[in-house]
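Inspection log for the structure reproduced underneath, given as structure tokens.
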Amino acid sequence: MTEPTELHAAALVVDGHADTAQRILDDSWDFVTSPLGHGSVNLAAARAGNLNAQFFALWVDPTEYPATAHAQRALELLDAVTQQIQRHPADLRLCLTPADILASKHEGRFAILLGLEGGHSIQNSLALLRIFHALGVRYMTLTWSHTTAWADSSGDIDDPSVPHHNGLTDFGREVIREMNRLGMMIDVSHISDKTLEDVLAISTAPVIASHSSARALTHAPRNLTDDQLRAIALTGGIVMVNFFPAFISEPWRQAWNALKPERDLALTQAAAPFRAANKPVPFAISDAVDRRFCARIPRPPLSDLIDHFLHILHISGPDHVGIGSDFDGIPDTPLGISTAADFPALTQALLARGVAPETIHKLLGGNILRVFTEVQAATQVAVQAQASTSPSPR
């Protein structure tokens, strides 16, 4: 019988999405030396859970920062993470390639990778997209919960006051082609169903969903349907399961939604001093409010999270599922997996549910390493296909 502890210790563990960069920038918090506090990921927790590599999301709240400041805020988040790596070179390494991740593990350093969450941060500029890539960003989530000027989001698709595009605009299609050319992973978490359809029709490389779960089990529009899971798998891509209870437990999601009017009022009250001072409301403020309301709903069992992994394994196959915790960006998690230190519980639960050890190794990190490799290799195909034209200066 396979021993869960040994199985997990031997694995490469990669998490596709965490919002830790905000803590570093806004709270002057140190990933290596600061206590974990109310968060879920720091170096000590990562080492305790054998988390080897983490994609840090560079997320700019479009409701708090003007459109002209989105790129600046994203660059400030990137700079904060970069300074951490420069401050702790013996412990941290910025990784730009799959080979870097493996080298970092061999060196005993924690691998940090960068993802841009929300295409609004390129401010409708392919030049900015290329600059972010040059600075180390290796995936971009095409939208956040708000529709951009060039791609529809699942977060506001039913809001008639928001101008939508029926998926991607012509410029949005250019973004996809340029990401293919750069060898930058296309992240389809948060986008609308029609946007995903358009992306899959255009992309010449596998796509990822860095933090999405299964809609067949939990009816959140952020989750993916079975047809979408199959379509992503056909590209060679991967769906990385989100840990937020509203995305993995239908009863929890309904209870959370029932609290929305009360939560909105509490958020308005908490934001009032910042609004009066004409300052952005820090994420920590809204997160603290959300945590208070989460405490009123019993946490779902770990089995609910495992159900999503198993469902995606069943629909997509063992090569197309991974971990996208959304740690430090969500106010609660299922029982038994509160921080990165608890990742061994995931391995133990998967093994107990009959998942083969080799599949668990793929799920923990092997699959995203493969996709990352294939996307970077596919850039050569895209370059050849576009050899007769130069990138748009927009």
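Nothing here was measured: the structure is a model prediction, and the numbers come from that model.
Here F274 is tied into one hydrophobic group with V281, I285, each link being a pair of ILVMFWY side chains closer than 4.5 Å.
There is a side-chain donor-acceptor pair under 3.5 Å between H190 and E117. In the model, N223 has no side-chain atom that pairs as donor or acceptor with a side-chain atom of S212 under 3.5 Å. Judged by distance alone, the side chains of H17 and N242 never bring a donor and an acceptor atom under 3.5 Å apart. Side-chain N/O atoms of T204 and N180 include a donor and acceptor closer than 3.5 Å. For D227 and T225, the side-chain atoms include no donor-acceptor pair closer than 3.5 Å.
Ion pairing between a basic and an acidic side chain is recognised when a charged N comes within 4.0 Å of a carboxylate O; R23 and D30 show no such pairing.
Listed by first then second residue, pairs satisfying salt bridge (charged side-chain N to carboxylate O under 4.0 Å, His left out) with a partner in residues 247-259 read E250-R253, not counting sequence neighbours. Among residues at least two apart or in separate chains, salt bridge (charged side-chain N to carboxylate O under 4.0 Å, His left out) pairs with a member in residues 313-338 are R299-D332, D319-K362.
Between F372 and Y139, the ring centre distance reaches or exceeds 6.0 Å. For W256 and F247, the distance between ring centers is not under 6.0 angstrom. Between F327 and F343, a ring centre-to-centre spacing shorter than 6.0 Å is recorded.
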